[in-house]
Undergrad: 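Please find one structure pasted underneath; my questions will follow.
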Number of protein chains: 2
Amino acid sequence: MTKSFVTAKEVAALAKVSRSTVSRTFTEGASVAPDVRQRVEEAAKALGYRVNKLAQNLSADQSQIVGVVGSNLSTPFAARQLDQLSRGLLQRGMQCLLLNAADAQHDISPLIEQVLEFRVRAIVIMSGAPPGAIIDECLANGVRVIVVNRQTDVETDTILSDDVAGVRQAAERLIMAGCRFPAVVSSSARTQSQARRRNEFLKLMFEAGLEPAIWAQGVMSYETGQLAARDLLATETVDGVFCVTDLLALGFLDAARDMGRRVPEEVSVIGFDDIPQANWSAYQLTTIRQPLDELTDAVLAAIDRDVRGGNSRPIRRILPATLIERATVRAPTTV
Amino acid sequence: MTKSFVTAKEVAALAKVSRSTVSRTFTEGASVAPDVRQRVEEAAKALGYRVNKLAQNLSADQSQIVGVVGSNLSTPFAARQLDQLSRGLLQRGMQCLLLNAADAQHDISPLIEQVLEFRVRAIVIMSGAPPGAIIDECLANGVRVIVVNRQTDVETDTILSDDVAGVRQAAERLIMAGCRFPAVVSSSARTQSQARRRNEFLKLMFEAGLEPAIWAQGVMSYETGQLAARDLLATETVDGVFCVTDLLALGFLDAARDMGRRVPEEVSVIGFDDIPQANWSAYQLTTIRQPLDELTDAVLAAIDRDVRGGNSRPIRRILPATLIERATVRAPTTV
DNA sequence: CCCTCATTTGCACCCGCGTTCATAAAATCC
DNA sequence: GGATTTTATGAACGCGGGTGCAAATGAGGG
C-alpha cells in the first residue's frame, strides 16, 4: 500500500537510459539530447517522479531551508512578521523551517542545534536568547545567522528597528502633551527590546526632571495591559503612559475606560509596534511604528547576501521607527 | 573560513574507532561498550559533531518534517492555529516546514509538490484548494495528508469544527433576540468554511421565514467588516448580523458605532471563531467558538497515528462549536 | 581447559542523487 | 575523406549515516 517514492533509477529503467542521464535531465545546463530528454521527462511524469531534496542537498552539502526561530507567534506583531518572512522566503525559492520557541526567555540553543542538523542555509532569530557560543558555531560552519530586534555581542547580521529613537519620540510627545506624572508599562518578560524601550524612556524622563512610575508584571498580553491600568490608575497619579507594546497599550486603554478615565483628556497612552489593532476605530492608539516591511526586506537581503562574496563583514541595519499620531495622546500644550 | 560540518568519519578518527561505532553511539538501542561510548561522545563534543539529518533521513527514506500549508497567517485565528500546531510539533520531536500560500484561493499544488520533495512525514493543509489528484499522490507515496476545516472528496484525514451546528446556534440566537431583518456578511474569498457558514445561515433563516440581506465583498479583514456596516446600515433595514468571521464582526461593530447605531439595542452582531480580540472589553463580541485546542490536538493525533498499524481508515473528526454569549446580541425576547 | 554463547566491533553495502571521467558517436574542419 | 573537435552517454565514486553480517573478544559452564 504505502509504496515508496519513485527514484531516478526507476525512471531510467522506463526511459531506457542510464540513471546519470535522468539526473542530467533535471539539472540546469547539462548536456542531454532533445529526444532523450523528452523520453525521460515523459517517463518521469508517468511514474510521478520528483527529485529527493534530501539526497540532493546531501551531496550539495547545503539546503535551501532557512530556519526561523520565533515565539509568541499568536501575538499580532510576531504573526505579521512571520507571515511576511515566510512569504518572502517562498518567493525566493527557499523553505521556511519554523521553530516555535514556546517560551521567549528560555535558552534557544537546542532549537538552533536542531535546525543546524538540516544544514540550513541561514537561521533567522526573531526571539529568544541565543548564546554567543552557538552562534559562533553556526558561523564557523558557514551558516549565516540573522538576528532581529536584538543586540548581540557576536559579529553576525543584525537587523533592528530604532527603539531608542522611537522611544524618544514617544517621550517627547508625552512631555509636549504636558504630562507631569508619567508611567511605563511592560511585562515581566525580560526581552531585550522591552528592556531597552523601558530604560530609554526612564532615562529621557529623568532628564526631563520627571519620575515615572514603573509597572512590570505578567506575560506579554492584552490582559496584562488591563491589569496595569487597574493597578496604576487606582494607586498612582498618572497622566501619561508609555506601554512598551501595543498589546499592553490596548489592554490599558480598555481598562482605563472601564474605570471611567477619559483618554486622552485625563490620561494619555502611547504604544509601540503599530499593530493593526492599534488602528481599529475603537482604539485609535497613538504609537511608534516599527518598519515591518523594511525589517523583512532587510532580513531577506541578508539571507541572499551569502550567495556572493563569502567573507564580507556582517550587516548591521537600524531602521527608523516613526511616531503615528492618532487619538490617545492629548494635543500639545503651548507651554 | 566557511568550514564544512564535522562528519562522523572525523569523530571516528579522533576516537580511534570505526565510523560505524560512531553511528551506533548516536543510535538508540545499539550495542556499544560503555567506555567506547564515552570516548566517542567526548570526541564528538570536542569536534562539535552533530548528525546530518539530511543523510539520516535519506537512508531512513522518511523525515520528521511535517509540511504545513496555510495562508493569511497574520489573521488572529490562523496565527493562533499555527502557533499551537508548530509548538505541538516541536514538542513531539517533529519539524514544521511552513509553506505560506500567499493567496488562499490559488491552487496549492506547487506548494505540496515542493514539500513532498523533502519526504515529509505528513502534510497539514490549513488553507487553500488542494486538488484531489495531488492528495492522492501523497497518499500513494505514504505521506499522510491532514486537511483542516475543509471538506474533501478524497479519502484522507479530515478535521473540522462543526460549522453547521455553530451557525445554527448563531441563527437561533438571533431569532431568539427577535431579529426580523437579518444579514450575513462575508468576504469575497470563496473559501469553503466561509461559504458553508453563509449558506447554512441563509438556509436556516429561510426556514424561519426570514430573508437575509447578503453582503460579500473584499478580502477577509477588519476593514471589510467596516465597509459592510457602512453599506448595510445605510441602505438596508438590518437588526441582526451574522459575520462569518470575528474579524469582520469587529470591523462591523466599530463602523456601526461610528455611525451612531447602538449594539445590541438597534442591531445585534454575532461572529465566528472567537479570536482573542472578541473578548476585548471594547467589543465583547458574542460569537461561535471554534475549539482550537481540540482542533490542534486532533491534527497532532492524526499525524502520530501513522506510526502504528499502516492502513487503517482515515480519520474524520468534527469538533463541536459553541456559542459564547457576550454583549453584542440582544437578550432573548419572551415572544 | 575447552566449548558455547553473548557482546562488541569493523567491513561492506545501501539510501538517492550530483558529478567527474572516459568513451562512443556525431559534427566540424581542411 | 581523414583528422579533430564537440557532444552525449554510461560507469564509477562520493555525500553522511544506518545496518546486516561475520570476526573478535570475553564471560560462563561443564
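Each chain gets a letter, A, B and so on, in the order its sequence line appears, and its residues count up from 1. Hydrogens, waters and symmetry mates play no part in the numbers below; they use all other heavy atoms, side chains included.
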Undergrad: Pick the nucleotide of DNA chain C nearest each of B:V36 and B:D61; which residue has the one closer to the 5' end?
TA: B:V36
Undergrad: Reckon A:V22 touches a base, only the sugar-phosphate, or nothing at all at heavy-atom distances under 4.0 Å?
TA: nothing
Undergrad: Write down the distance between CZ (B:F26) and C1' (C:dT9), rounded to a whole number of angstrom.
TA: 17 Å
Undergrad: May I ask you to check whether A:Y49 and A:F26 place their ring centres under 6.0 Å from each other?
TA: yes
Undergrad: Counting only side-chain heavy atoms from C-beta out, which of D:dG16, D:dG10, C:dG10 sits nearest to B:T7?
TA: D:dG16
Undergrad: Using only heavy-atom distances, decide whether a donor-acceptor pair under 3.5 angstrom links the side-chain of A:R19 to the base of D:dG10.
TA: no
Undergrad: Using a cut-off of strictly less than 4.0 Å, decide whether B:Q56 has a side-chain nitrogen or oxygen near OP1 or OP2 of D:dG18.
TA: yes
Undergrad: What about B:S18: does its side chain form a donor-acceptor pair under 3.5 Å with the base of C:dC11?
TA: no
Undergrad: Under 4.0 Å, heavy atoms only, any strand: does B:S20 hit a base, just the sugar-phosphate, or nothing?
TA: base
Undergrad: Atom NZ of A:K9 and atom P of D:dG10: how far apart are they, to the nearest Å?
TA: 16 Å
Undergrad: Using whole Å, what does the distance between atom C1' of nucleotide C:dC17 and atom CZ of A:F5 come to?
TA: 15 Å
Undergrad: Can you list, in residue-number order, the parts of residues 39-50 of chain B that come under 4.0 Å of DNA chain C, counting heavy atoms only?
TA: none
Undergrad: Take atom CZ of B:R119 and atom C1' of C:dG16, then tell me their distance rounded to the nearest Å.
TA: 8 Å
Undergrad: D:dT9, D:dT19, D:dC15: which one has an atom nearest the side-chain heavy atoms of B:S23?
TA: D:dT19
Undergrad: Do A:S63 and A:N57 have side-chain N/O donor and acceptor atoms under 3.5 Å apart?
TA: no
Undergrad: Between B:N149 and B:Q192, does any side-chain donor sit less than 3.5 Å from a side-chain acceptor?
TA: no
Undergrad: Whole Å only: how far is the CD atom of A:E10 from the P atom of C:dG16?
TA: 8 Å
Undergrad: Does this structure show an ion pair linking B:R39 with B:D35, if we count only N-O contacts that are shorter than 4.0 Å?
TA: no
Undergrad: Check this for me, if you would: do B:R144 and B:D157 make a salt bridge, where the nitrogen-to-carboxylate-oxygen distance has to be below 4.0 angstrom?
TA: yes
Undergrad: Within the pair A:T21 and D:dG10, is there a side-chain N or O less than 4.0 Å away from OP1 or OP2?
TA: yes
Undergrad: Among the candidates D:dG17, D:dC15, C:dT9, find the nucleotide nearest to the side-chain atoms of B:A55.
TA: D:dG17
Undergrad: A:E28 CD to C:dG18 P: how many Å, rounded?
TA: 13 Å
Undergrad: B:L89 and B:V68: side chain to side chain contact (heavy atoms under 4.5 Å, CB included), yes or no, with the steps?
TA: CA-CA 11 Å; B:L89 288 175; B:V68 175; 4.2 Å; yes
Undergrad: Please check if any side-chain donor atom of B:R80 sits under 3.5 Å from a side-chain acceptor atom of B:Q290, or the reverse.
TA: no
Undergrad: Between D:dG16, D:dT9, D:dG17, which nucleotide has the shortest distance from any of its atoms to the side chain of A:A33?
TA: D:dT9
Undergrad: By the definition side-chain contact (heavy atoms from CB on, under 4.5 Å), identify the one residue from B:V143, B:I65, B:I123 that meets it with B:V115.
TA: B:I123
Undergrad: Between atom CZ in B:F118 and atom C1' in C:dC17, what is the gap in whole Å?
TA: 14 Å
Undergrad: Evaluate the side-chain proximity of B:I108 to B:I125: yes if any heavy-atom separation is below 4.5 Å, no if none is.
TA: yes
Undergrad: Both conditions, 6.0 Å and 45 degrees, for the charged tip of A:R119 above the ring of B:F5: are they met here?
TA: yes
Undergrad: Considering heavy-atom distances to DNA chain C, does B:R37 or A:A60 have its closest nucleotide positioned more toward the 5' end?
TA: B:R37
Undergrad: Quickly work out the B:L54 CG to D:dG14 C1' distance and round it to whole Å.
TA: 15 Å
Undergrad: Of the nucleotides D:dG17, C:dT9, D:dA8, which has the atom closest to the A:S31 side chain?
TA: D:dA8
Undergrad: Sort me out a list of protein N/O and nucleotides 21-27 of chain C N/O pairs below 3.5 Å, or just none if empty.
TA:
none

Undergrad: Let me confirm one number: the CG-CG distance from A:N52 to B:D61, rounded to the nearest 0.5 Å.
TA: 7.0 Å
Undergrad: Specify the angle, to 10°, made by the local axes at the two ends of the helix from C:dC1-D:dG30 to C:dC30-D:dG1 when five pairs are taken at each end.
TA: 40°
Undergrad: Where is the tightest heavy-atom contact between B:V11 and B:A44, given as atom of each residue plus distance?
TA: CG1-N, 3.9 Å
Undergrad: Looking only at the side chains, is there a donor atom on one of A:S20 and A:S23 sitting less than 3.5 Å from an acceptor on the other?
TA: no
